[in-house]
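In what follows, residues are counted from 1 in the order of the sequence shown. Small disclaimer: the values here were computed from a predicted structure and weren't measured.
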Amino acid sequence: MITLSPLVILRRKPFREQSLLLDIWTRDAGKFTCVAKVSKQARSKAILEPLRLLEGAWAGKGEVLSLHKVEEQQRFALPPANLSRALYLNEVLLRSLWAHQAQPKLFDAYLNTLQRLTQLHDSLAMPLFELNVLHVHGYVLNLWQDDATGQDIQPQMRYRFLPDRGLAPDQADVRGVPLSGTLLIGLRTPASLTQALQHELRQVLDRLFSLLLQGKVLHARRLINANN
């Protein structure tokens with residue numbers, strides 16, 4: 001009996017005749033690339049789309065595996081305004097996840113985020129998931145004390161985050177990502193973030209991902225900026 005595992009498609013491309021090249025992310029086996037044949041079942045091509053929860057099985061060796069026996073479990077009916085945000089999250093995952101390394105908690109958080117994005121005005125869904133992605137890579141913002149001195153976060157102070165040092169008081173160092181103590185305290189209860197703090201958070205996240213991805217361009221981020 002074939003055991004099916006939860007997965008999502010992060011990206012798909014045509015591949016040869018009646019086949020698709022898929023970058024998939026599975027809950028139990030991580031991210032990898034596979035080929036799916038769709039010639040015999042036209043319906044299978046219809047469900048092999050991003051932003052859906054699927055279950056499937058795969059086989060093979062090497063860098064490209066074969067996907068088969070796919071079943072759809074859930075569709076996420078995103079409003080058009082949130083499609084670019086969801087595709088941005090897919091691009092972040094494609095660029096940042098390690099191959100064949102399971103991240104089940106992050107996978108579940110992704111599904112929860114897609115569900116939140118079905119609501120048009122949930123402005124925190126995307127940035128909170130981005131913080132989860134950064135956390136996986138060790139980019140952890142200490143919301144209670146700065147990592148350099150151990151002192152409590154003060155709302156009137158400015159800080160800087162460096163990946164190799166953590167959070168420290170801002171001393172006009174050009175390195176790292178600047179942010180306010182008010183934002184750090186606000187992130188303890190994200191629902192209370194004002195529009196101004198959400199705007200600062202957006203700037204902080206963009207800079208953190210620029211560090212993580214070593215300046216590589218996230219094309220969906222540009223699309224979001226163009227539409228706002």
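Looking at residues two or more places apart in sequence or on another chain, you find a side-chain contact (heavy atoms from CB on, under 4.5 Å) between Arg75 and Arg52, Glu72. By the ring-ring contact (aromatic ring centres under 6.0 Å, His included) test, Phe129 pairs with Tyr110, sequence neighbours left out. Annotation: salt bridge (Lys or Arg N to Asp or Glu O under 4.0 Å) contacts of Arg207 (sequence neighbours excluded): none. Legend: residues meeting salt bridge (Lys or Arg N to Asp or Glu O under 4.0 Å) with Asp146, ordered by chain and number and at least two apart, are absent. Applying the side-chain contact (heavy atoms from CB on, under 4.5 Å) criterion to Ala196, with sequence neighbours excluded, gives Thr194. Taking the ring-ring contact (aromatic ring centres under 6.0 Å, His included) definition, one finds that Trp98 meets it with His137, sequence neighbours left out. Take Leu201 and apply the side-chain contact (heavy atoms from CB on, under 4.5 Å) test, not counting sequence neighbours, and it matches Pro127, Leu183, Leu187, Leu193, Leu205. With sequence neighbours excluded, the residues satisfying side-chain contact (heavy atoms from CB on, under 4.5 Å) with Leu83 are Leu51, Leu78. Remark: His100 pairs with Phe32 by the ring-ring contact (aromatic ring centres under 6.0 Å, His included) rule, at least two apart or across chains.
The structure places CG of Asn142 at 5.0 Å from CG of Asp147, a figure rounded to the nearest 0.5 Å. Distance check, rounded to the nearest 0.5 Å: CG of Leu54 to NZ of Lys69 gives 13.5 Å. Going from atom CG of Asn82 over to atom OG of Ser84 covers 7.5 Å, rounded to the nearest 0.5 Å. Residue Leu114 holds its CG atom at 12.5 Å from CE of Met126, rounded to the nearest 0.5 Å. For the atom pair CG (Leu179) and CZ (Arg160), the distance works out to 9.5 Å, reported to the nearest 0.5 Å. Note that CG of Leu218 is 8.5 Å distant from CG of Asp206, once rounded to the nearest 0.5 Å.
The same ILVMFWY cluster, assembled from side-chain heavy atoms under 4.5 Å apart, contains both Trp144 and Met157. Clustering ILVMFWY residues whenever any of their side-chain heavy atoms sit less than 4.5 angstrom apart, transitively, puts Val177 in the very cluster that holds Leu213. Hydrophobic clustering (ILVMFWY, side-chain heavy atoms < 4.5 Å, transitive): Leu117 and Leu120 are in distinct clusters. Hydrophobic clustering places Leu128 together with Leu143 (ILVMFWY residues linked when any side-chain heavy atoms are closer than 4.5 Å, directly or through intermediates). Side-chain heavy atoms closer than 4.5 Å link hydrophobic residues (I, L, V, M, F, W, Y) into clusters, and following such links, possibly through other members, connects Leu134 to Val136.
Contact of the Phe76 side chain with the Leu53 side chain is registered, since non-hydrogen atoms from C-beta on lie closer than 4.5 Å. For the pair Leu93/Lys31, no side-chain contact is recorded, criterion being any heavy-atom separation below 4.5 Å from C-beta on. When side chains are defined from C-beta on, Leu48 counts as touching Leu67, because their heavy atoms get closer than 4.5 Å. Looking at heavy atoms from C-beta onward, Arg165 lies in side-chain contact with Arg175 at the 4.5 angstrom threshold. Side-chain atoms of Gln198 and Leu124, non-hydrogen and from C-beta on, do get closer than 4.5 Å to each other. Taking 4.5 Å as the limit, every side-chain heavy atom of Phe161 sits out of range of all side-chain heavy atoms of Val204. Annotation: side chain of Phe107 is in contact with side chain of Val8 (closest heavy-atom distance under 4.5 Å). Counting heavy atoms from C-beta outward, Arg188 and Ile153 have side chains that approach closer than 4.5 Å.
Cluster note: Val64 groups with Phe15, Leu21, Val35 through ILVMFWY side-chain heavy atoms spaced under 4.5 Å, whether in direct contact or through intervening members.
In terms of heavy atoms, Tyr159 sits closest to Leu184 at CD1-CD1, 3.9 Å. When all heavy atoms of Arg12 and Leu22 are compared, the closest pair comes out as CB-CD2, 3.2 Å. Considering all non-hydrogen atoms of both residues, Lys37 and Ser19 come closest at CG-OG, 3.7 Å. Nearest heavy atom pair, residue Ser96 against residue Val133, reads OG-CG1, 3.6 Å. Between Leu212 and Tyr139, the shortest heavy-atom distance links the atoms CA-OH, 3.5 Å. The two residues Gly176 and Leu162 come nearest to each other via the heavy atoms CA-CG, 3.9 Å.
Taking a 6.0 Å sphere around CD of Gln156, one finds it holds more than 12 heavy atoms contributed by other residues, nucleotides or ligands.
Listed by first and then second residue, the salt bridge (Lys or Arg N to Asp or Glu O under 4.0 Å) pairs that reach into residues 98-111 are Arg27-Asp108, sequence neighbours excluded. Pairs of residues two or more places apart, or lying in two chains, that qualify as salt bridge (Lys or Arg N to Asp or Glu O under 4.0 Å) and include a residue from residues 111-135 are Arg116-Asp122, Glu130-Arg202.
With Thr189 contributing its side chain and Ser192 its backbone, the two residues share no donor-acceptor pair below 3.5 Å.
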